[in-house]
Amino acid sequence: MQLATWNVNSLKVRLPQVLAWLAENPVDVLCLQELKLEQDKFPLAEVEAAGYRAAWLGQKTYNGVAILVKAERSLDDVVTGIPGYDDVQSRVIAATVDGVRVVCAYFVNGEAVDSPKYTYKLEWLAALEGYVERELERHAAFALLGDYNIAPEDIDVYDADAWQGKVLCSAPERAAFGRLLALGLADAFRLFNREEKQYSWWDYRAMMFRRNLGLRIDHILVSDALREHAVACVIDKLPRKWERPSDHTPVVLTLSAAAFAQDQ
DNA sequence: ATGCCGAAGATACTTCGA
């Protein structure tokens, strides 16, 4: 059983890559961010033809999130946005897949620590924390996947000194990440890999990917009930090497079959 | 020190990303 997350930076542009990746990596759940599509522009026919069902929350030009699920699995109780938090930006969608509660989120970037967008980021993070806390009370099997726009530790940053205190690395953002962990979640990737230079995003400019100068900002956080079933979590760098790639690459969590209620 | 690249909307150049 596999769950994955990928910020595709325009699903219109990246749809062929998503379909190609799914053909090679037929994960049970794929969370996508930055669709950059209006709600009625989602390529449902192509997704269904690939053997997946989908729930999505679109928006013109910016943001947009989706959960793709293998057609043979359930996709129930879809909730869009953060309940109780008014937000015109399409950043969050949740669904239950065979007993596992999946939240797909595109966290606010923040631009810079002195930007109004950073203030919005911290407000949004506080709202998300409350939402996750409530979801964990209702769902033992829970996963929060997405583009967090937070590098949790210095080892997740190619030049920690240069990024010290900057947006994506600032103490308040890392504290918010820590509070998500304190709710009872684990950073799935770090259960298996404590190495440095493990990144999920590389700037398009200055050949940053070729030089492996990136950040680890795409994450899969799992509840204890799922953590028990985690057997691997990897960053798949291959799509970042393709022609016209997203600047992010997929993160994939593998769980033993018992993680899904249907398979027990 | 700042831009580098890329997508989108618009259709010359700006906004936004991270």
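So that the names make sense, note that chain A is the first sequence line, chain B the second, and so on, each numbered from 1.
Listed by chain and residue number, A:Trp202 satisfy the ring-ring contact (aromatic ring centres under 6.0 Å, His included) test with A:Phe209 (two or more places apart in sequence, or in another chain). Residues passing the side-chain contact (heavy atoms from CB on, under 4.5 Å) test with A:Arg194 are A:Glu153, A:Ile155, A:Arg190, sequence neighbours excluded. Residues satisfying the side chain to side chain donor-acceptor pair (under 3.5 Å) test with A:Asp236, not counting sequence neighbours, are A:Trp21. Under the rule for a side chain to side chain donor-acceptor pair (under 3.5 Å), A:Arg244 has no partner lying at least two apart in sequence or in another chain. In terms of the side-chain contact (heavy atoms from CB on, under 4.5 Å) criterion, residue partners of A:Ser223 (sequence neighbours excluded) are, by chain and number, A:Leu136, A:Phe142, A:Leu185, A:Ala225, A:Leu226. Partners of A:Glu111 under the side chain to side chain donor-acceptor pair (under 3.5 Å) rule, at least two apart in sequence or in another chain, are A:Ser115.
Look at the P atom in both B:dA1 and B:dA18: the space between them is 24 Å, to the nearest Å. B:dG6 and B:dT2 are spaced 23 Å apart, taking the P atom of each and rounding to whole Å.
For the pair A:Arg216 CZ and B:dA18 P, the computed distance is 16 Å after rounding to whole Å. Across the protein-nucleic acid pair, A:Leu215 atom CG and B:dG17 atom P stand 15 Å apart, rounded to whole Å. Between the CE atom of A:Met208 and the C1' atom of B:dC5 there is a distance of 11 Å, given to the nearest Å. Rounded to an integer number of Å, the gap from CZ of A:Arg211 to C1' of B:dC5 is 14 Å. The CZ-P distance, from A:Arg205 to B:dA18, rounds to 12 Å in whole Å. Remark: C1' of B:dC5 and CG of A:Leu213 are 15 Å apart, rounded to the nearest angstrom. Atom pair A:Tyr199:OH and B:dA18:P shows a separation of 18 Å (rounding to whole Å applied). When the P atom of B:dT15 is taken as reference, atom CD of A:Glu34 falls 18 Å away, rounded to whole Å.
Pairs engaging residues 59-79 of chain A under the ring-ring contact (aromatic ring centres under 6.0 Å, His included) rule: none recorded [sequence neighbours left out]. Residue pairs meeting the ring-ring contact (aromatic ring centres under 6.0 Å, His included) criterion with at least one partner in residues 22-44 of chain A, sequence neighbours excluded, are A:Phe42-A:Trp56.
Residue A:Asp218 is out of contact with every strand shown, counting any heavy-atom pair closer than 4.0 Å. Backbone-only engagement by A:Tyr106 is indicated by non-hydrogen atom pairs under 4.0 Å involving sugar-phosphate atoms exclusively.
For the OP1/OP2 pair of B:dG17 and a distance below 4.0 Å, the side-chain nitrogens and oxygens of A:Asn63 include no atom meeting the criterion. Considering only side-chain N and O atoms, A:His248 lies nowhere under 4.0 angstrom from the phosphate OP1 or OP2 of B:dG17.
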Which pairs, protein N/O on one side and nucleotides 7-9 of chain B N/O on the other, fall under 3.5 Å?
residue	atom	partner	partner atom	Å
B:dA7	OP1	A:Arg14	NH1	3.4
B:dA7	OP1	A:Arg244	NE	3.0
B:dA7	O3'	A:Ser10	OG	3.3
B:dA8	OP1	A:Ser10	OG	2.4

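Taking a 4.0 Å limit (strictly below) on heavy-atom distances, residues 109-122 of chain A reaches DNA chain B at A:Asn109, A:Lys117. The stretch residues 152-173 of chain A touches DNA chain B through A:Leu168, each having a heavy atom within less than 4.0 Å of the strand.
For A:Tyr131 and A:Tyr85, the ring centers sit 6.0 Å or farther from each other.
A:Arg138 has no carboxylate O lying under 4.0 Å from a charged side-chain N of A:Asp77, or vice versa, which leaves the two without a salt bridge.
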Kindly list each side-chain donor-acceptor pair under 3.5 angstrom involving residues 43-50 of chain A, sequence neighbours excluded, with atom names and distances?
none

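Shown here for A:Pro239 and A:Pro250, the closest heavy-atom pair between the two residues is CG-CD, 3.7 Å.
Looking at which nucleotide of DNA chain B each of A:Val108 and A:Ala206 is closest to, the 5′-most match is held by A:Ala206.
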